[in-house]
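Just so you know, these numbers use all the heavy atoms, side chains as well, and skip hydrogens, waters and symmetry mates. Treat the numbers as computed from the prediction; the structure is a model and nothing was measured.
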Amino acid sequence: MASPFSGALQLTDLDDFLGPSQDCVKPVKVEKGPAGGAARIRIEDDGSYFQVGQDGGVRKLEKAQVSLDDCLACSGCITSAETVLVTQQSHEELRKVLEANKAAAPGQRRLVVVSISPQSRASLAARFQLDSTDTARKLTAFFKKLGADRVLDTTFARNFSLLESQREFVRRFRGQAGAQKPLPVLSSACPGWICYAEKVHGSVLVPHLSTARSPQQVMGVLVKDFLAQQQRVSPGGIYHVAVMPCYDKKLEAARPDFFSEEHQTREVDCVVTTGEVFRLLEEEGVSLSEVEPAPLDTLSSGAHAQEPTGHRGGGSGGYLEHVFRHAARELFGIHVDEVTYRPLRNKDFQEVTLEQGGQVLLRFAAAYGFRNIQNLVQKLRRGRCPYHYVEVMACPAGCLNGGGQLKAPDGRGKELLQRVEGLYGAVSTEAPEDAAGVRELYEDWLQGEGSERAGRLLHTAYRAVPAASPGLSLRW
């Protein structure tokens with residue numbers, strides 16, 4: 001059986017991110033021309049592209065394939081081009097599964113579960129001028145009309161990710177995790193950042209990475225383990241689709257760590273971006289604002305469906321804020337009412353401190369975008385990083401500004417982002433430990449907080465990945 005991780009990124013239309021006669025955005029080794037200058041790439045209207053030498057010579061190139069082992073998710077093609085797809089990771093693949101389900105014999109049908117990120121929901125709400133609750137209900141109705149069986153909100157899974165991040169930080173701060181887990185702890189919910197950390201600065205950064213799973217992958221194990229048990233079906237009998245704000249989430253879903261050898265299935269079978277959901281709506285001739293809403297779903301069929309909720313601390317999950325509050329209370333007995341952010345180099349690099357009697361007890365930071373990530377890496381390399389915890393995101397402005405989100409057609413990107421941020425923050429918030437059903441699942445499904453089972457299902461591992469070659473193995 002072919003490995004599900006041997007797929008390649010199909011660069012089907014480079015026009016969106018290269019443009020005519022622009023140098024490749026990836027840091028790849030490009031063939032030199034006779035005069036020693038770098039060759040350039042020219043893209044035609046039909047999607048074919050050519051290498052243009054310094055002497056004017058033109059050579060047609062084959063479609064580029066970047067293997068998952070090659071990709072850095074470095075805010076180049078994957079994080080910005082809406083036409084870049086990972087094999088088996090597209091809305092077209094979802095269509096195939098839904099069509100196969102309709103034609104399947106009794107007993108052969110797969111249970112289709114769609115989990116939607118709150119960032120994607122906010123982006124679609126802004127586009128259709130809806131509020132968050134209406135959008136959630138209308139998306140539930142839309143996906144069920146397509147053939148989905150259950151539509152879930154990944155905010156529920158993020159409760160577990162936040163709680164595990166909080167506890168992990170306290171353990172590391174106290175030295176309970178051992179010398180191999182030094183401070184600062186670096187958040188790990190952003191797969192673009194993780195690809196970069198593992199493949200470019202592995203030995204430097206990997207020991208600092210939080211092992212807590214991202215909300216997407218917590219939802220993956222909730223669906224393929226907990227829900228499978230509830231429904232009395234094999235994990236392979238469930239097809240799990242995640243709607244996410246960035247393309248890098250496709251790479252995360254394809255990590256070998258999230259594939260079950262026993263059941264021969266991934267925890268997240270398919271990731272579609274917000275933009276791909278919008279294309280699904282267009283292909284179906286549907287305006288989300290005109291869809292009749294449907295009741296919201298929960299993981300447990302016996303649970304009461306609630307309104308969409310969120311977490312304090314910004315549009316990327318609030319990791320810094322939740323870990324900071326918990327650490328202040330747990331380590332120093334200090335209750336923090338309001339977290340005050342202090343911008344440093346720019347609005348995407350901010351600092352938070354906990355002080356008592358003129359002494360800094362905790363120093364946290366949020367570093368968004370690769371220019372700030374580079375500054376952070378340099379501080380770590382020089383042994384001059386003053387932070388205990390850093391929330392790191394590859395995209396400037398965080399997940400609400402992810403490469404898979406809807407774009408402003410008129411170029412008013414800042415205005416659109418402000419609307420998305422407003423809608424995202426308009427839902428009621430709750431502490432993850434207070435969310436309905438979380439305590440019960442820790443006890444009944446995970447066999448208690450801190451159990452071996454909780455550690456295995458809610459955490460993962462990262463490792464330094466040696467570069468395949470200086471040229472990233474791009475096959476032209």
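Side chains of Glu321 and Tyr341: a donor-acceptor N/O pair is present below 3.5 angstrom, by distance only. Counting only N and O atoms by type, the side chains of Ser117 and Ser120 include a donor and acceptor under 3.5 Å apart. Checking Arg158 against His311 by side-chain atom types alone, a donor-acceptor pair falls below 3.5 Å. Side-chain contact, Gln405 with Thr274: a donor N or O sits under 3.5 Å from an acceptor N or O. Judged purely by distance below 3.5 Å, without hydrogens or angles, the side chains of Ser214 and Glu252 pair a donor atom with an acceptor atom. When only modelled atom types and interatomic distance are considered, Gln216 and Thr154 share no side-chain donor-acceptor pair under 3.5 Å. There is no side-chain donor-acceptor pair under 3.5 Å between Asp131 and Thr133.
Here the options are Ser188, Ser161, Ser187, the test is side chain to side chain donor-acceptor pair (under 3.5 Å), and the partner is Tyr319; only Ser161 passes.
Every residue two or more places apart in sequence or in another chain was checked for a salt bridge (charged side-chain N to carboxylate O under 4.0 Å, His left out) with Lys414, and none qualifies. Remark: Arg127 engages no residue in a salt bridge (charged side-chain N to carboxylate O under 4.0 Å, His left out) (not counting sequence neighbours). Checked against salt bridge (charged side-chain N to carboxylate O under 4.0 Å, His left out), Arg456 has the following partners two or more places apart in sequence or in another chain: Glu452. For Arg342, the side-chain contact (heavy atoms from CB on, under 4.5 Å) test picks out Leu344, Glu351, with sequence neighbours left out. Every residue two or more places apart in sequence or in another chain that forms a salt bridge (charged side-chain N to carboxylate O under 4.0 Å, His left out) with Arg109 is listed here: Asp149.
Ion pair Lys144/Asp297 flagged as a salt bridge, since at least one NZ, NE, NH1 or NH2 atom sits closer than 4.0 Å to an Asp/Glu carboxylate oxygen. A salt bridge links Arg255 with Glu198; the closest basic N to acidic carboxylate O contact falls under 4.0 Å. Classification of Lys224 and Glu267 as a salt-bridged pair fails, no side-chain N sitting under 4.0 Å from a carboxylate O. Salt-bridge check for Lys102 with Glu99: passed, with a basic side-chain N closer than 4.0 Å to an acidic carboxylate O. Glu307 has a carboxylate O that lies under 4.0 Å from a charged side-chain N of Arg137, or vice versa, which qualifies the two as a salt bridge.
For Phe169 and His326, the distance between ring centers is not under 6.0 angstrom.
Seen from the ring of Tyr442, Arg167 counts as a face-on cation partner, given the 6.0 Å and 45° thresholds.
Aromatic ring orientation, Phe364 versus His388: tilted (interplanar angle from 30° to 60°). Using a 30° and 60° split on the angle between ring planes, Tyr196 and Trp193 fall in the tilted class, from 30° to 60°. Using the six-membered ring where Trp is involved, Phe278 and Phe128 have ring planes that are tilted, between 30° and 60° apart.
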Could you go through the side chain to side chain contact (heavy atoms under 4.5 Å, CB included) check for Val336 and Leu354 one step at a time? CA-CA 9 Å; Val336 177; Leu354 179 69; 4.2 Å; yes

Audit row: Leu280, Glu283, side chain to side chain contact (heavy atoms under 4.5 Å, CB included) steps and yes/no: CA-CA 5 Å; Leu280 267 176; Glu283 290 168 7; 4.3 Å; yes

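To the nearest 0.5 Å, the span separating CD on Gln129 from CG on Leu124 amounts to 13.5 Å. Here the straight-line distance linking atom CD of Glu292 with atom NZ of Lys145 works out to 10.5 Å at 0.5 Å rounding. Atom CZ of Arg213 sits about 10.0 Å away from atom NE2 of His459, to the nearest 0.5 Å.
The shortest side-chain heavy-atom distance between Ser115 and His240 falls under the 4.5 Å cut-off. Between Phe143 and Val277, the closest side-chain pair of non-hydrogen atoms falls below 4.5 Å. The shortest side-chain heavy-atom distance between Pro118 and Asp153 falls under the 4.5 Å cut-off. Tyr368 is not listed as a side-chain neighbour of Lys347, based on a closest heavy-atom distance of 4.5 Å or more. Side-chain contact check for Asp134 versus Leu288: every heavy-atom pair is 4.5 Å or farther apart. Taking the side chain as every heavy atom from C-beta outward, Tyr239 and Leu111 never approach each other to under 4.5 Å. Glu276 is listed as a side-chain neighbour of Ser90, based on a closest heavy-atom distance under 4.5 Å. With a 4.5 Å cut-off on side-chain heavy atoms, Thr265 and Pro235 count as touching.
Ser123 places a side-chain N or O within 3.5 Å of a backbone atom of Leu406 that can act as its donor or acceptor partner.
A 6.0 Å sphere centred on CZ of Arg371 holds no more than 12 heavy atoms belonging to other residues, nucleotides or ligands.
Applying the side-chain hydrogen bond (donor to acceptor under 3.5 Å, both in side chains) test to every pair with at least one member in residues 429-440, sequence neighbours left out, gives these pairs: Thr309-Glu430.
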